[in-house]
Enquirer: 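Let me give you the structure first, and then I'll get to my questions.
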Amino acid sequence: MTTESVEVRRGVPEGAAARVAELYWEAFAGKLGLALGPAEAGRRFIAGHLHADRAVTALSGGEGDEGGDGCKGAGGGARVVGVAGYQLAGRGLVGGDAAAVRAQYGRVRGLYRVFLLALLERTPARGELVMDGIAVDPAERSRGVGGLLLREIEAIAVEQRCRRIRLDVVAENPRARALYERHGFRAVRVQRTPWLRDVLGFGAVTTMHKEVAAR
């Protein structure tokens with residue numbers, strides 16, 4: 001696959017919520033496992049609480065493509081191979097409030113899950129778009145999909161008159177940090193969180209910014 005064979009689309013294609021949840025869980029299970037696990041339950045929760053208009057998706061294939069796990073509604077057999085989420089106006093890629101968490105996991109077990117999810121919350125500052133992360137099919141990595149998603153996220157930030165894009169990357173994911181640096185993001189702060197290593201799987205978070213010029 002080359003990037004020429006990939007279509008970048010805003011939103012989650014109809015019928016592709018489960019596929020997007022699968023990719024997102026594969027990429028972020030280390031952080032989300034205790035809060036939303038086990039895996040089947042986590043994927044179900046994500047798929048059921050997606051804000052489709054807070055996503056950019058990458059699709060490969062189309063008419064006549066017999067390979068992969070095609071997504072009905074994604075367009076002629078096209079397959080979702082990547083997704084990037086973002087937060088604007090108080091809404092991110094994955095919704096679901098405390099009541100939704102308790103409804104799926106139970107009142108008692110849901111309580112500590114709500115607490116863990118609160119530790120991951122990031123609120124955009126004025127004029128800021130916050131990324132909710134990028135997830136790319138492992139079989140399609142190193143082929144430019146992540147870069148295509150980042151460029152579309154930047155285009156959205158410009159259209160929304162944001163002055164910058166902000167994201168957080170954990171120390172345990174140097175591959176993602178390298179991608180962001182190649183696309184103009186710079187580290188502005190490192191928060192060391194050794195007490196979260198056993199809970200959420202990471203011991204430090206680097207905040208990165210990219211300035212954008214509003215139209």
Enquirer: If I compare all heavy atoms of Ala78 with all of Gly61, which pair ends up nearest, and what's the gap?
Expert: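 Taking Ala78 first and Gly61 second, the nearest heavy atoms are CB-O, 3.6 Å.
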
Enquirer: Give me the atom names and distance for the closest heavy-atom approach of Val101 to Gly110.
Expert: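 Scanning both residues completely, I find the closest heavy atoms to be CG1-O, 3.8 Å.
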
Enquirer: May I ask you to test the Asp137-Leu23 pair for a side-chain heavy-atom distance under 4.5 Å?
Expert: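 Answer yes - side chains close enough.
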
Enquirer: For Ser60 and Arg143: C-alpha separation, side-chain torsions, deciding distance, then whether side-chain hydrogen bond (donor to acceptor under 3.5 Å, both in side chains) applies.
Expert: CA-CA 12 Å; Ser60 176; Arg143 297 180 179 181; over 6 Å; no

Enquirer: Walk me through whether Arg54 and Leu88 qualify under side-chain contact (heavy atoms from CB on, under 4.5 Å).
Expert: CA-CA 8 Å; Arg54 291 296 186 263; Leu88 272 176; 3.9 Å; yes

Enquirer: Kindly indicate whether the side chain of Val12, heavy atoms from C-beta on, has any atom under 4.5 Å from the side chain of His51.
Expert: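 No, every pair of side-chain atoms sits at 4.5 Å or beyond.
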
Enquirer: I want to check something: taking the side chain as every heavy atom from C-beta on, are Pro124 and Leu129 in contact at a cut-off of under 4.5 Å?
Expert: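 Result no, sub-4.5 Å side-chain heavy-atom pair not found.
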
Enquirer: Report yes if the side chains of Asn173 and Val170 come closer than 4.5 Å at any heavy-atom pair, otherwise no.
Expert: yes

Enquirer: Does anything in residues 83-107 pair up under ring pair (Phe, Tyr, Trp, His ring centres under 6.0 Å), and if so which pairs, sequence neighbours excluded?
Expert: none

Enquirer: I need the Phe45 CZ to Leu50 CG distance, nearest 0.5 Å.
Expert: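 If we round to the nearest 0.5 Å, Phe45:CZ and Leu50:CG are 10.0 Å apart.
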
Enquirer: If you look only at pairs with a residue in residues 131-155, which of them pass as a ring pair (Phe, Tyr, Trp, His ring centres under 6.0 Å), with sequence neighbours excluded?
Expert: none

Enquirer: Strictly distance-based, threshold 3.5 Å: is any side-chain N or O of Gln104 a donor or acceptor partner for the main-chain N or O of Ala41?
Expert: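 Checking the backbone N and O of Ala41 against the side chain of Gln104, a donor-acceptor pair under 3.5 Å is found.
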
Enquirer: If two hydrophobic side chains count as joined below 4.5 Å and joins carry through other members, does Leu119 share a cluster with Leu34?
Expert: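 Yes, Leu119 connects to Leu34 through the hydrophobic network.
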
Enquirer: Here's a test for you: under side chain to side chain contact (heavy atoms under 4.5 Å, CB included), which of Val169, Leu93, Ile153 qualifies with Met131?
Expert: Ile153

Enquirer: Checking Arg102 now: which residues fulfil salt bridge (charged side-chain N to carboxylate O under 4.0 Å, His left out) with it, not counting sequence neighbours?
Expert: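 Listed in chain order: nothing, the list is empty.
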
Enquirer: Check whether any side-chain heavy atom of Asp168 lies under 4.5 Å from a side-chain heavy atom of Arg122, and answer yes or no.
Expert: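 Yes, side chains in contact.
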
Enquirer: What is the minimum heavy-atom distance between Gly96 and His49, and which atoms define it?
Expert: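 For Gly96 and His49, the tightest heavy-atom pair comes out as CA-CD2, 3.6 Å.
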
Enquirer: Does some side-chain heavy atom of Leu150 sit less than 4.5 Å from a side-chain heavy atom of Leu179?
Expert: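 Counting from C-beta outward, Leu179 and Leu150 do come under 4.5 Å.
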
Enquirer: Might you point out which heavy atoms bring Ile46 and Trp25 nearest each other, and give the distance in Å?
Expert: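 Shortest heavy-atom contact: CD1-CE3, 3.9 Å.
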
Enquirer: Which residues pass the salt bridge (charged side-chain N to carboxylate O under 4.0 Å, His left out) test with Asp97, sequence neighbours left out?
Expert: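 With neighbours one apart ignored, the set is empty.
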
Enquirer: Please assess Cys162 against Arg126 for the test side-chain contact (heavy atoms from CB on, under 4.5 Å), listing each intermediate value before the final yes or no.
Expert: CA-CA 8 Å; Cys162 295; Arg126 185 177 178 85; over 6 Å; no

Enquirer: Please collect all ring pair (Phe, Tyr, Trp, His ring centres under 6.0 Å) contacts where either partner lies in residues 108-140, sequence neighbours excluded, each pair once.
Expert: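 Found none.
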
Enquirer: Arg9 and side chain to side chain contact (heavy atoms under 4.5 Å, CB included): which partner among Val56, Thr57, Val80?
Expert: Thr57

Enquirer: Can Val130 be reached from Leu120 by stepping across I, L, V, M, F, W or Y side chains whose heavy atoms are under 4.5 Å apart?
Expert: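 They do not share one cluster, since no chain of ILVMFWY contacts under 4.5 Å joins Leu120 to Val130.
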
Enquirer: Please list, chain by chain and in numerical order, all residues satisfying side-chain contact (heavy atoms from CB on, under 4.5 Å) with Ala58, sequence neighbours excluded.
Expert: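 Expected list: Val6, Val81, Val145, Leu149.
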
Enquirer: Could you check Glu22 against Arg19 for salt bridge (Lys or Arg N to Asp or Glu O under 4.0 Å), going step by step and ending with a plain yes or no?
Expert: CA-CA 5 Å; Glu22 176 189 0; Arg19 171 62 174 162; 3.4 Å; yes

Enquirer: Can you list the residues that meet the salt bridge (charged side-chain N to carboxylate O under 4.0 Å, His left out) rule with Glu152, with sequence neighbours excluded?
Expert: Arg10

Enquirer: Can you check side-chain contact (heavy atoms from CB on, under 4.5 Å) on Thr207 and Gln191, steps first, answer last?
Expert: CA-CA 8 Å; Thr207 297; Gln191 181 180 6; over 6 Å; no

Enquirer: With sequence neighbours excluded, what pairs up with Arg166 under the salt bridge (charged side-chain N to carboxylate O under 4.0 Å, His left out) test?
Expert: Glu128

Enquirer: Run the side-chain hydrogen bond (donor to acceptor under 3.5 Å, both in side chains) test against Glu26 and tell me which residues pass, sequence neighbours left out.
Expert: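 Once residues adjacent in sequence are excluded, the partners of Glu26 under the side-chain hydrogen bond (donor to acceptor under 3.5 Å, both in side chains) criterion are Arg141.
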
Enquirer: By the salt bridge (charged side-chain N to carboxylate O under 4.0 Å, His left out) test, which pairs, at least two apart or in different chains, include something from residues 181-190?
Expert: Arg177-Glu181, Arg186-Glu211

Enquirer: Test side-chain contact (heavy atoms from CB on, under 4.5 Å) on Arg79 and Glu140 and set out the steps.
Expert: CA-CA 11 Å; Arg79 178 170 176 262; Glu140 311 295 353; 3.6 Å; yes

Enquirer: Which ring pair (Phe, Tyr, Trp, His ring centres under 6.0 Å) pairs, counting each pair once, include a residue from residues 172-192, with sequence neighbours left out?
Expert: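 Listed by first then second residue: Tyr180-Phe185.
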
Enquirer: Sequence neighbours excluded, which residues qualify as side-chain contact (heavy atoms from CB on, under 4.5 Å) partners of Glu40?
Expert: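 Glu40: side-chain contact (heavy atoms from CB on, under 4.5 Å) contacts with Arg43, Arg44.
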
Enquirer: Looking at side-chain heavy atoms only, is the closest gap between Val158 and Gln160 below 4.5 Å?
Expert: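 Val158 vs Gln160: side chains apart.
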
Enquirer: If you compare all heavy atoms of Gly92 against all heavy atoms of Asp132, which two are closest, and at what distance to 0.1 Å?
Expert: CA-OD2, 3.4 Å

